Structure formats: C-alpha cells, structure tokens
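Remember, predicted model here, so these are calculated numbers, not experimental data. Residue numbers start from 1 in every chain, and the chains themselves are labelled A, B, ... in the order their sequence lines are given, proteins ahead of strands.
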Amino acid sequence: MLRTHNCGELTIKDCGKRVTLCGWLQRSRDLGSMTFIDLRDRYGITQLVFNTDTNKDIYNQAKSLSREYVLQVEGEVKERSNKNKNLSTGDIEIIVDKINVLNTAQIPPFTIEDNTDGGDELRMKYRYLDLRRACVRKNLELRHRLSILIRNYLNNKDFLEIETPFLIRSTPEGARDFVVPSRMNPNEFYALPQSPQQYKQLLMVAGFDRYFQIVRCFRDEDLRADRQPEFTQIDCEMSFVEQEDVLNTFEGLIKYLFKEEKHLEFPKFNRMTWQDAMKYYGSDKPDLRFDMKFVEIDDVAKGKGFKVFDDAEIVVGICVQGCASYTRKQLDELTEFVKKPQVGANGLVYIKYNEDKTFKSSVDKFFSQDDLKVIAEKFDAKPGDLMLIMAGKKMKTRISLCSLRLEMGSRLNLRNPFNYAITWVVDFPLLEWNEEDQRYYAMHHPFTAPKPEDYPILFTKPGEVRANAYDLVINGTEVGGGSIRIHDKKVQADMFKALGFTPEKAQEQFGFLMNAFTYGAPPHGGLAFGFDRLCAIFAGADTIRDFIAFPKNNSGRDLMADAPSMISQQQLDELCLDLKKKD
RNA sequence: GGUUCGGUAGUUCAGUUUGGUUAGAAUACAUGCCUGUCACGCAUGGGGUCGCGAGUCCGAGUCUCGUCCGAACCGCCA
C-alpha cells in the first residue's frame, strides 16, 4: 500500500502518529513563509502544512506543486491551532517532511469543486474530472447504497438475481430497438433488450418463482433530462401471486429504502385508478405534493352564451388558493404559457374571487356575479382564490390543464423535491388506440392480463378493457410499473388478435413465449422500477444524468468518448453491411 | 419531426434592445509580497477566429439568412 490512511479518517485521536497519505492536490494557500495544501481523495480532505521555520526545503518543494497533482506525502499528525469545523479532519493537519509526486497534472478546464465553474457540456467531455467532485461522487455513492439495500431486501424475500441476455431477438411493439449486426449470421441482427420482459416470464415458467435483476435496458427513443438510451431497471417477477401481493411486496421495498436511506416512514401508499388520475389531474402520473384537483363545471358553465364553453366537450378548471391578487400581467403570462405549442391550449379563462366577495373574470360579459358565485361554489373557492378554467376536447384539455397545474405548483413553491408524495396508479387501460396506425396498441405491453371481468368485452369494446397493470408514482414521476401477466395460451392468442396480429405473425414473433405457455406456466406478475430515477428522487434531483457515471447527452452522444462513431470498411465488410446516405 | 433558450477570455457570464473609439467583469492561470490559512489577502501581468459561413451596410459581437453544437420541452418513450 502506498498509504497508511485515507484523507478522510484522521482525527484528534491520531495526533502524534506518523502517516503516509495519497491523493490529489485540491488547493494550496501560500502565506509567504508557510503554505497549506488540501489533499483530496474519495474519503475527504486533509490539510498539509509546510513551514519555512521547520523545513525550508520541503516548503520550497510544496510551492512548486499545482492543482490536481497526485501526491504521496509522509508526516506527523498534529492538532491544529486554528480548527475548521466544516471538515471532518478539521481538528488536525499533517506536518509533512516528505513529498513524492506520483504524477503531475495539467490545469483542469474547470474547478474540481461542488460549485464548479464548468458548464454541462464541458463536465461531460471531462467526465472523469467531473466525477472527482464530491457532489457527483456522493450521487454515485447513494446509488451504490440503494443497490445494496435493494439486493438485501429482495434476497430476504427469497428473490434470486438471475442474469438474462443482452443480445436478443428484436420484437415489434414498444420502443424502437437498438440493433447489433451478427457477423456469423450475415444480414441478421440482434436487438438489445428494452427490458428483460419475456425472459423473466420464461424464468417463471422455469419455476424460479421469485426473480429480480438490477439490469441495463436500452431504448432507441428521443431523450430527456430523465431519459437515457441505456438506463437501469430493478426488474422483478413473482409466481403464484395476485396484483395485491405484488403491490405489497414492492411497496415494502420502497418503504425499506426510504427508511434505511432517509429515515422516513410512510403510511400505506395512496391508490388511485387511472380513470381518476386522468379526471382529477390530467395525467397518469399525478404530482400529489399539492392539491389543485380538477373541477369539471360543464353544468354551470354552459348555456350562458359563451361559445367557447358551450361548444366544448369539457369545461374544467383548478382553484389556486390565495392568487386572486394576480395582476393583469401575471394572468397574461399564464395565458401565454398555456398557448405555447408544448401546452397547446387555445386560451385560459380566469375568475378572481376578490377578498370583498365580488368576482372579476375574463368572461364577465357572459356571466353575472351570481353565475360566477355558483361556479365558485363548485370549486369550493374562498375569497382570495383564483380559478383558472379551460375548455375543449376532453383528453387534450385535461392534459393542457395538467401542465398549467404543475406550472402553478412550481410558481407557488409547492413542489419541494424532499416532500415525497407517493401513489400507486392502478387499473390502466389494456389497450390504447393509435390514430396514425389505425389500430390498438398494448398500453403496458402485450403480455399484460386483462381484468377477468373485462375479458368478455376484449373484442366488442377493446378501448374499455382494464388491465391488471399499475405504476408507482412519486412526486409526478413514474418510478416504476408492472402488471399481472397472461399465463394462458388462449388469452395470449386473443390479446395478439386484439392487437391485429395474425396467428402466424404472433407465432413468428412471440412463438417461443407462447410455446412455453403450453408447458405449464404459473400465474405470475411483476414490475420494474427505474433505478436511475429512483436515485434522482432520493437526492431531490431533476436529472438522472448525475446518477450515471458516464451518461449520454440530449442526442445520445457520449461527449467524452465521442460515441457513436463511424466504423472501418473492414468492419462493415465483415458484417455484410453497406452504408446508405442520409437524405 | 417540432417549439423555446443559449454559443463572447481556460471557465461562468455581461455587452446584442438602439450597428460606431482599444469587447468588459468575476473566477482560473502566471509572477511578486505576506507565518495560521481553509472561497486566504494584496499587487501586477498574460489571455479573444465574439461557434462557423454567407449577406445587408461606409462600418456587424450587435441586423438578416443558412449551418453546426448544447440545454429544456412537445411528439415519441409497450
């Protein structure tokens, strides 16, 4: 070992010891006849001191060192005369008598500090330097701790961690696959798994009963702050269970993580049907940190001669407490906000319930004070509140109002990332109509079981069939989701039929799974959590990038390695590939 | 595919609205001074293809068009 101790462990108790430390030069402070150097490693920072009075040679040597040099130093631990309460090692310092420069370093392009002066792009390009910063390192340490806790919890519940292949068969449905050409099988391709879905179901057929895996998944879709092309799932599956068993098992896991990591305890998680989530929050992942539930006011808003309301499929709004004092300018801002193409509303109607109990609205021409009072009662509004109302097509209006609700939540600081509001969303629809392709798609995936009571209407009212599918939502983020699976070959065949597959096509694409179901598949179900998102939520962060050691940027590029890249003609030839010019 | 914002010193930004002298600040860096700092302090100094390319103009960091790059979002993500 090149060191006797690390840079975070020495305390007052170690005074007088002779120690050897290794680390990076964080910063030096030269006071003329003495110099202080902060030596940094993963564990902390220890102050080194060099004094002309005691050792002029070593002082001169210390002066020649610069930031991020890798040093090995020997010296004696001594109590400081001026202590630093902000540092775990702040009571001591090392009187150094020997410096060994293990490596020199260029001046890094940004400062290696929590409040770095580096922007995102630069940090990604020099990610290995970014990772030296304590705040980024702490994120990865959190991720590590959570992964250990997860394995611990699931192991104690008899789950087995079993690896599944990364080179698999491409299947239609779902996200776009990343594909890998096969050299030994010219003109054929593997796909990287979007999730180990079919393999975990096959493990249930194989009798493994309880499976989990903390596993990388790949989806070739456009990215966001919380979406990477490769991301990590906590993938789980159980046999001989019903939905209730799955929910309880994994509610337990999440509670365990919050308790162990953050010392937070939660009562039984809230449950909400998908129908209610859409009706009251306009989203299948409602942010329940604040209220502002949707109120539908068709019955009192229509028939007053206001065409926008009269012609609308739905008139719905939210009541924002204490905002009746909003100025014209603020209301115009909100109108601008909802008219942005991302939100897509045509406009916004407001009703102020003034403190003097009068009303002021943008539709005073059509609504009397009494009319407005009736509406206000519907909202359960109090003097001082502001009602914001939208109208139009049902789903579109709800989704736009959801954006506005979240915006108001943010403006009023109601979205504290460390205030955790957790809910299950259950009873998702089984199928979703796609206008573009004029067919139904599985909302979750094609192996999701319909609710038995809805199975009879699979072909008559496919859009109304509910699934035994569920999502876990924390603070408006979908953290995980799953379902009870189909284990019956006939139900699975019907499902493919409902999705518009011919029996031949279904056999070709999913034959191995359907065949497996003929050999005694147990009833089973499971779910998967987005591990990166879970880590971000525990740290109160919006982006998952800082919880991944080497993430990709917005366009799926690794700015450090500059991937993806061209490959050689020789590689292309081996793979039987010709490149086509992009239009 | 679309919307929005951004690209100026090693870095983070101001300057662009209203085109006009030598493009500034902070920080980083270098040098000097300083014996208790810990965001040390003080002084001095070097550091610029204003992303790139066209155009308008007597004159463009500033206006126009195109293009590249980054970020957030919509579509997309079973």
Side-chain angles (χ1 to χ4, degrees), chain A residues 26-40 45-54 59 63 66-68 78 80-87 89-90 93 106-126 129 171-177 194-195 197-198 217-229 231 336-337 339-344 396 399-400 403 406-407 428-432 434-436 440-448 467 469 471 478 481-483 495 499 528 530 542-543 545 553-555 557 559 562:
Chain A
Q26 172 76 17
R27 178 183 285 123
S28 56
R29 293 176 291 279
D30 183 4
L31 271 60
S33 299
M34 65 188 306
T35 256
F36 298 99
I37 285 181
D38 289 339
L39 192 68
R40 182 200 70 237
I45 281 179
T46 299
Q47 176 165 285
L48 315 177
V49 61
F50 305 84
N51 196 320
T52 42
D53 285 352
T54 46
Y59 166 81
K63 272 184 82 153
S66 88
R67 272 168 60 203
E68 299 306 312
K78 201 174 163 224
R80 290 197 199 184
S81 55
N82 275 2
K83 293 182 178 159
N84 184 345
K85 290 193 293 287
N86 302 320
L87 229 51
T89 60
E93 62 195 357
Q106 279 194 299
I107 299 293
F110 51 87
T111 55
I112 312 292
E113 282 161 22
D114 284 3
N115 288 316
T116 182
D117 59 6
D120 287 351
E121 195 177 347
L122 206 62
R123 288 175 43 213
M124 288 307 155
K125 182 165 180 196
Y126 299 93
L129 297 180
T171 54
E173 305 292 291
R176 214 171 273 121
D177 282 328
Q194 298 170 28
S195 85
Q197 184 58 39
Q198 292 173 59
C217 303
F218 307 85
R219 293 179 190 175
D220 187 7
E221 296 292 347
D222 287 3
L223 308 175
R224 292 284 189 279
D226 65 349
R227 269 162 36 188
Q228 284 274 304
F231 61 99
E336 283 307 305
F337 173 83
K339 284 166 104 170
K340 283 197 306 187
Q342 276 89 336
V343 180
K396 191 164 172 288
I399 291 166
S400 297
S403 298
L406 294 176
E407 170 71 13
F428 272 75
L430 183 70
L431 301 166
E432 197 177 20
N434 182 303
E435 273 301 327
E436 203 175 315
Y440 281 101
Y441 276 92
M443 194 152 186
H444 188 54
H445 56 54
F447 318 109
T448 300
D471 275 359
E478 180 199 331
S483 61
M495 180 69 179
L499 292 172
D542 291 324
T543 164
R545 287 190 200 154
N553 78 355
N554 247 358
S555 5
R557 297 202 71 87
L559 291 177
D562 197 23

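For A:R545, whose side chain is taken as the heavy atoms from C-beta onward, the closest listed nucleotide among B:G36, B:A71, B:A28 is B:A71. In this structure, of B:G70, B:A72, B:G10, it is B:A72 that holds the atom nearest to the side chain of A:A225. In the set B:C77, B:G10, B:G2, B:G2 carries the atom at the smallest distance from any side-chain atom of A:Q342. The side chain of A:D222 approaches B:G1 more closely than any other nucleotide in the set B:G1, B:C77, B:G70. Proximity note for A:R67 (side chain, C-beta onward) versus B:A28, B:G36, B:C69: the nearest is B:A28.
Nucleic acid contact class of A:P109 (heavy atoms, under 4.0 Å, all strands): sugar-phosphate only. Across all strands shown, A:Q26 has no heavy atoms under 4.0 Å from either base or sugar-phosphate atoms. Across all strands, A:T448 comes closer than 4.0 Å to no nucleic acid atom at all (heavy-atom distances). Across all strands shown, A:N51 has heavy atoms under 4.0 Å from base atoms, whether or not it also approaches the sugar-phosphate. Contacts of A:R224 with the nucleic acid, taken as non-hydrogen atoms under 4.0 Å apart, include base atoms. Using a 4.0 Å heavy-atom distance criterion, A:L122 is classed as a sugar-phosphate-only contact.
Contacts with RNA chain B (heavy atom under 4.0 Å) in residues 29-36 of chain A: A:R29, A:D30, A:L31, A:G32, A:S33, A:M34, A:F36, listed by number.
A salt bridge links A:R29 with A:D38: at least one charged nitrogen is closer than 4.0 Å to a carboxylate oxygen.
When all heavy atoms of A:L223 and A:S555 are compared, the closest pair comes out as CD1-C, 4.4 Å.
The phosphate of B:C38 has neither OP1 nor OP2 within less than 4.0 Å of any side-chain N or O from A:N82.
Distance, A:E173 CD to B:C76 P: 15 Å, rounded to whole Å.
Scanning for ring pair (Phe, Tyr, Trp, His ring centres under 6.0 Å) contacts around A:F218 gives A:F166, with sequence neighbours left out.
Remark: the backbone N or O of A:E93 is not paired with any side-chain donor or acceptor of A:Q47 at under 3.5 angstrom.
Annotation: B:C13 and B:G7 have their P atoms spaced 9 Å apart (nearest Å).
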